[in-house]
Amino acid sequence: MSRPGRGGVFITFEGIDGSGKSTQARRLAEALGAQLTREPGGSPGAEEIRRLLVEGEAGRWSAETEILLFTAARRDHLEKTIRPALEAGRMIVSDRFADSTRVYQGVARSGLRDVVDRLHALMIGREPDLTFVIDTDPETALRRGLARQSGEDRFESLGLAFQERLRAGFLALAREFPGRVRVIDGNRSETTIAAEVAALTRDVLARCGHG
Ligand code: ADP
Ligand code: TYD
């Protein structure tokens, strides 16, 4: 766990589509009185880029173009929303961040993890202080995600085998960054999961002097 800079705390939620991470991000932000944000999006410019990414055909962009669009959106989100919150000493909770690009673009699509890492170092250069991976059975998650019929199903339309590869990617990431990433069993009730997330967050904040 890195020590948060200048008093702000940056917490992210990650997981496959339909895992329940948005629900948990919202609940934790409410419990902490923290600012809630999301990716792709989280600032007016990044929300415009979001539409290019989540709507339309699955094969609309090459893997390289997709990485550039996610990174462009993240850079705007960082400049306009995340950094100002942290510099003001606030807690900010984001529904997805750079780990999503590492997994979706870097692992599941075409082995472009090295490109993802280099762009991240060049343009973003910030990791969350704490990350929750909500780990939910891919079949359950896919059913929940498609049931929403949000019109934002470009990635969900890639199917169950893709969701299974993503799940493996998130678990591998948790092993790669054991200091900041906590895996949470998402196959339980919303309230049970929220209680575990809140307790873990309180522990981490107390250790960083935010208790
Ligand atoms: P994600 O952001 O990971 O795609 P959401 O939080 O939007 O997931 O949840 C997807 C759907 O599943 C929503 O309809 C939500 O109400 C429902 N849901 C979320 N968490 C749970 C849970 N623990 N058990 C059952 N349904 C859930
Ligand atoms: P999101 O709105 O979180 O969708 P969901 O609620 O279904 O999980 O994210 C939209 C899609 O964008 C989702 O399928 C994951 C994908 N995505 C990436 O491929 N790379 C990224 O860097 C991010 C942030 C999201």
Side-chain angles (χ1 to χ4, degrees), residues 12-30 36-43 46-47 49-56 58-78 81-82 93-110 112-113 115-117 119-120 123-124 128 131-160 162-163 165-167 169-170 173 184-197:
T12 60
F13 281 80
E14 298 281 358
I16 62 178
D17 308 83
S19 59
K21 75 193 141 33
S22 306
T23 303
Q24 294 303 326
R26 192 187 64 240
R27 290 182 72 134
L28 183 68
E30 277 166 14
L36 177 64
T37 187
R38 70 162 181 184
E39 288 205 357
S43 61
E47 289 289 335
I49 299 172
R50 176 188 176 92
R51 279 196 292 281
L52 299 174
L53 283 159
V54 299
E55 295 174 9
R60 181 176 183 186
W61 307 112
S62 75
E64 289 81 359
T65 309
E66 200 166 89
I67 292 170
L68 289 167
L69 287 170
F70 277 114
T71 306
R74 180 160 307 126
R75 174 76 197 201
D76 194 63
H77 185 209
L78 187 70
T81 305
I82 298 173
V93 174
S94 187
D95 178 357
R96 294 195 188 280
F97 188 64
D99 292 323
S100 282
T101 315
R102 293 185 176 113
V103 172
Y104 279 76
Q105 281 68 46
V107 177
R109 277 292 284 271
S110 28
L112 287 174
R113 173 65 194 273
V115 173
V116 169
D117 285 347
L119 266 179
H120 180 81
M123 286 294 148
I124 310 299
T131 297
F132 292 105
V133 167
I134 307 297
D135 181 35
T136 304
D137 168 54
E139 217 165 317
T140 310
L142 192 62
R143 218 178 310 118
R144 284 187 201 160
L146 291 174
R148 276 182 310 205
Q149 297 203 315
S150 60
E152 292 191 338
D153 294 335
R154 188 171 153 254
F155 287 87
E156 275 127 333
S157 69
L158 294 169
L160 182 61
F162 183 66
Q163 291 270 73
R165 279 177 19 236
L166 293 172
R167 174 173 182 248
F170 280 117
L173 210 65
I184 305 291
D185 178 2
N187 303 297
R188 298 174 295 165
S189 76
E190 277 183 35
T191 309
T192 306
I193 299 167
E196 186 183 353
V197 165

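As the structure lists them, so they are numbered: ligands from 1, and atoms in each ligand from 1.
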What do you reckon, does [X] put a non-hydrogen atom under 4.0 Å from ligand 1?
X	value
R26	no
T192	no
G18	yes

Specify side chain, backbone, both or neither for [X], according to which of its non-hydrogen atoms lie closer than 4.0 Å to ligand 2.
X	value
D17	both
R102	neither
R38	neither

Item to check | Polar contact flag for R96 and ligand 2 (N/O pairs, less than 3.5 Å) | outcome: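 Between R96 and ligand 2 (N or O atoms, distance only) the closest approach is under 3.5 Å.
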Checklist entry - Do any N/O atoms on T101 end up under 3.5 angstrom from N/O atoms on ligand 2? => result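 Checking ligand 2 against T101, an N or O pair does fall under 3.5 Å apart.
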Checklist entry - Among G20, A25, A141, whose heavy atom sits nearest atom 3 (O) of ligand 1? => result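 Of the listed residues, G20 has the closest heavy atom.
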Checklist entry - Quick one: which of R38, R27, R144 has a heavy atom closest to atom 27 (C) of ligand 1? => result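 Minimum heavy-atom distance to atom 27 (C) of ligand 1 goes to R144.
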Checklist entry - With atoms numbered from 1 as shown, which atoms in ligand 2 lie under 4.0 angstrom from a non-hydrogen atom of R50? => result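 So the answer, numbered in order with elements, is 2 (O).
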Next on the checklist: Using a 4.0 Å heavy-atom cut-off, which part of I16 comes near ligand 1: side chain, backbone, both, or neither?
Outcome noted: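 The backbone, only.
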Item to check | E39 and its side chain to side chain donor-acceptor pair (under 3.5 Å) partner, picked from R96, H77, R50 | outcome: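 Of R96, H77, R50, side chain to side chain donor-acceptor pair (under 3.5 Å) with E39 is met by H77 alone.
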Next on the checklist: Testing R74, E66, H120 one by one against T101 for a side chain to side chain donor-acceptor pair (under 3.5 Å), which residue passes?
Outcome noted: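 It is R74, the one option of R74, E66, H120 that forms the side chain to side chain donor-acceptor pair (under 3.5 Å) with T101.
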